[in-house]
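All chains are named by letter (A, B, ...) in the order of the sequence lines, taking the proteins before the strands, and each is independently numbered beginning at 1.
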There are 2 protein chains.
Amino acid sequence: MNRPEIHTMEELSVAIGVSRPTLSRYFQDPTSVSRSSVEKIERGLTRVEYVPNFFATRMNRKSTGIIGVIIPYLNDLFFTQLLESVERAAMHAGFTVITQCSHSDPLTESRAVETLLSMSVDGAIVTPLGEQTDLRAYARLKAKLPFVLMDSRPKTLMDVDYVGSDHLQATGAIVDYLCRVGPPPVFLAMPPGNFNAGERERAYRKRMTELGHEPVVFAQTQIDDLSHYEEHGLAALGAAFSKGQYLDQSILCVNDRVAIGALRAAAQYGLEPGAQRRGGLRIAGHDDYPLCPFTVPALTTVAQNVGAIGQAAIERLIYKMQNRNLPLEQEVRLIDSELKIRQSA
Amino acid sequence: MNRPEIHTMEELSVAIGVSRPTLSRYFQDPTSVSRSSVEKIERGLTRVEYVPNFFATRMNRKSTGIIGVIIPYLNDLFFTQLLESVERAAMHAGFTVITQCSHSDPLTESRAVETLLSMSVDGAIVTPLGEQTDLRAYARLKAKLPFVLMDSRPKTLMDVDYVGSDHLQATGAIVDYLCRVGPPPVFLAMPPGNFNAGERERAYRKRMTELGHEPVVFAQTQIDDLSHYEEHGLAALGAAFSKGQYLDQSILCVNDRVAIGALRAAAQYGLEPGAQRRGGLRIAGHDDYPLCPFTVPALTTVAQNVGAIGQAAIERLIYKMQNRNLPLEQEVRLIDSELKIRQSA
DNA sequence: AAGAATTTTTTACACGCGTTAAGACTAAGC
DNA sequence: GCTTAGTCTTAACGCGTGTAAAAAATTCTT
């Protein structure tokens, strides 16, 4: 079953008996070639081992057919869900996706930008690291190719297309719910540095004020590595409990990973958060991390619409790619989240 | 701050005042150029906007400097940890990493293989989907370039280099532990289809037999989608509990995600698994999923040494790439896992 | 200062394919 | 049989860079 290996289109053309330009057109768009040739070529391809050279095909085209994606890190199921949704949408639209991960490191992130630029991708979808992000890299991206920010955006890049969740809607919804079923919630935040965490905190304060309640935010912790969300939640809430605080309050966590740490803290203090229980402690999260239905108790949260965010980002990017000449206005697309009421609140 | 854009090395050479071949050598290896030229070039590069064309640079080289990675899906923190470790090791060794995700789909997986082949990657590290994998794609990979399987391997590809965990050691260690602190464990397995799940089940049976115990395996569930591990664990153990089975047994789960579902089932039945508790129910997992320390109760498990696996895979791959002419013998590298005793068992 | 050693420039070809223009061929339509 | 449109082949150039050989320039040695 060892078919002869063929390395160039030239060789292939003599092997099949079709001219090279015809082959070239066939590989780019089979419908641009007559039916009889298509059959001839496809019959030939079964007898022979050949894959077109990726670099050579992309180098000499006006458009490379590649969409670049940069995500900050992988060890978070929220980003992997987002990435999956983006890759699916891009592949569906016929693009090759090149994903680069920053691995929480600004230098790696800058290198990722350079890689995408050097590959002349048609466009890029980027979720920045956070405040450590090297903005010069983004400035170069913006100057050279269509790109859209996804999920979070630095304050210094507010003039770029953006697709993400509507924090006012999402946080508002869960604040409303918590106020409906119990005392006004306390907010378990993150130390400053994370864009979305800040946005959510602001959204919390805003909604609480609108409802006539006093916002209460706490985030004290000794955890230095900000990527250890669960530890942060555990430490911060544990510290509060140890001072006798919030033992019978509603606690809204800035995201589900922090909430998972918070659930753990509650368990350590023998508390069982949940609307059904006496005692009054409630814990809610934000994001609908895939494990939420399986925590003990199952975590009440707000589900970001990951599928819609990824798809909208790709749609907008493709639109920009197809209209590079036109002077487009900035588009900010905020997507609604959905309340997921489970047991913990 | 807008530096003039330069698109080709030719232009760059006139802008800087250095010949193009010298620039070419500089970009590939700055030490191959005299100090004075290096300084001249680097001074020039600060005044000008230029990135070498990725495709053009790779097309005409004997080695592309790219390592391809294929992973089955992203929505599992174990794979993302593994991927991170591989990418880190590869980047450290000076390679560009191109990662392709199969998204649980054999067709996407085959396409990923084609993509890597068409990019003439120097080598590939692959974690196959499972039994649905299209083995022809792998046969082509094997024929054309150095590659090593990681984490799991199809029975039909046993002659390929492999790096993964030593299931006998890992499962043996947790079986031993469970037998030491309580009754011999029951094994909560997966429906057939997943290589590692099968290996672990066999390892469990073997160790139990060696210890003189009767192995007991159960995996009944209505869950059709095998990727929903937590649901499977919840459903299977829930069903057992509802029949009054295993309520005071030790339960070894095939992996941590199943164990998280099992913990949930226990909670639903008002049971609190853990060595410290009365009642006898114990639940243990396998993998050391990053959330294990934060489950309620914290999950006792066996930690796969993800860092070592990724690094060993890259090391072996690079060795094979550097010795493509030599007829190398197959190498199977099994790495030890470490018991993580927490609360659940 | 002359010669040797190193580095750079010049020149030219290569990589594999995209792309174009001109001509040759084929299958219709009259 | 002829024209016409559609499709193909031939021939040639281009993409941006790698790479090799020879000539030129620079630096180092003695």
Practice prompt. Starting from P on D/dT19, measure out to CG on B/Leu23 and report it in whole angstrom.
Written response: 15 Å
Item to complete: Would you list the pairs meeting salt bridge (Lys or Arg N to Asp or Glu O under 4.0 Å) in which at least one residue belongs to residues 13-38 of chain B, sequence neighbours left out?
Response: B/Glu10-B/Arg20, B/Arg35-B/Glu39
Item to complete: Round to the nearest Å and state the distance from B/Phe55 atom CZ to D/dG18 atom C1'.
Response: 17 Å
Worksheet item: Looking at residues 24-34 of chain A, who's got a heavy atom less than 4.0 Å off DNA chain C?
Response: A/Ser24, A/Gln28
Worksheet item: Given atom CG of B/Leu12 and atom P of D/dG18, what is their separation to the nearest angstrom?
Response: 12 Å
Practice prompt. Before giving the answer on side-chain contact (heavy atoms from CB on, under 4.5 Å), spell out for B/Ile66 and B/Leu116 the whole-Å C-alpha distance, their side-chain angles and the decisive distance to 0.1 Å.
Written response: CA-CA 9 Å; B/Ile66 304 177; B/Leu116 295 189; over 6 Å; no
Item to complete: Taking atom types as modelled, find out whether A/Glu11 and A/Tyr50 have a side-chain donor-acceptor pair closer than 3.5 angstrom.
Response: no
Fill in: Contact check, side chains of B/Glu109 and B/Pro128, non-hydrogen atoms, under 4.5 Å
yes
Fill in: Side chain A/Arg333, main chain A/Ala313, donor-acceptor under 3.5 Å
no
Fill in: Atom pair distance, as rounded to whole Å: CZ in B/Arg35 and C1' in D/dT27
15 Å
Item to complete: Calculate the interatomic distance between A/Ile6 atom CD1 and C/dG16 atom C1'; express it in whole Å.
Response: 14 Å
Fill in: Touch class at under 4.0 angstrom, heavy-atom based, for A/Ser37 against every strand present
sugar-phosphate
Short N/O separations, protein against nucleotides 10-16 of chain D, under 3.5 angstrom:
{"from": "D/dA12", "atom 1": "N6", "to": "A/Arg20", "atom 2": "NH2", "distance (Å)": "3.3"}
{"from": "D/dG14", "atom 1": "N2", "to": "A/Asn60", "atom 2": "ND2", "distance (Å)": "2.2"}
{"from": "D/dG14", "atom 1": "N3", "to": "A/Asn60", "atom 2": "ND2", "distance (Å)": "3.3"}
{"from": "D/dC15", "atom 1": "O4'", "to": "A/Asn60", "atom 2": "OD1", "distance (Å)": "3.2"}
{"from": "D/dC15", "atom 1": "O2", "to": "A/Asn60", "atom 2": "ND2", "distance (Å)": "3.4"}

Item to complete: Determine: side-chain N/O of B/Lys40 to OP1/OP2 of C/dT8, distance under 4.0 Å, yes or no.
Response: no
Practice prompt. Fit a plane to each ring of B/Phe147 and B/Tyr138, take the angle between them on a 0 to 90° scale, and name the class: parallel (under 30°), tilted (30 to 60°) or perpendicular (over 60°).
Written response: tilted
Worksheet item: Taking the side chain as C-beta and beyond, is there a heavy-atom pair between A/Leu149 and A/Pro154 under 4.5 Å?
Response: yes
Discussion item. Counting only heavy atoms not in B/Arg47 (residues, nucleotides, ligands), do more than 12 fall under 6.0 Å from its CZ?
Written reply: no
Fill in: For B/Pro146, all residues meeting side-chain contact (heavy atoms from CB on, under 4.5 Å), sequence neighbours excluded
B/Leu317, B/Lys320, B/Met321, B/Arg324
Practice prompt. Go through residues 110-124 of chain B and report each residue with a non-hydrogen atom lying under 4.0 Å from DNA chain C, sorted by number.
Written response: none
Worksheet item: When rounded to the nearest 0.5 angstrom, what distance separates CE in B/Met91 from OG1 in A/Thr108?
Response: 4.0 Å
Worksheet, complete the sentence: To the nearest angstrom, the CZ-P distance between A/Arg61 and C/dG16 comes to 17 Å
Under 3.5 Å donor-acceptor pairs involving side-chain atoms of residues 81-90 of chain A, not counting sequence neighbours:
{"from": "A/Glu84", "atom 1": "OE2", "to": "A/Arg88", "atom 2": "NH1", "distance (Å)": "2.4"}
{"from": "A/Ser85", "atom 1": "OG", "to": "A/Val306", "atom 2": "O", "distance (Å)": "3.3"}
{"from": "A/Glu87", "atom 1": "OE1", "to": "B/His103", "atom 2": "NE2", "distance (Å)": "2.6"}
{"from": "A/Glu87", "atom 1": "OE2", "to": "A/Thr99", "atom 2": "OG1", "distance (Å)": "2.8"}
{"from": "A/Arg88", "atom 1": "NH2", "to": "B/His103", "atom 2": "O", "distance (Å)": "3.2"}

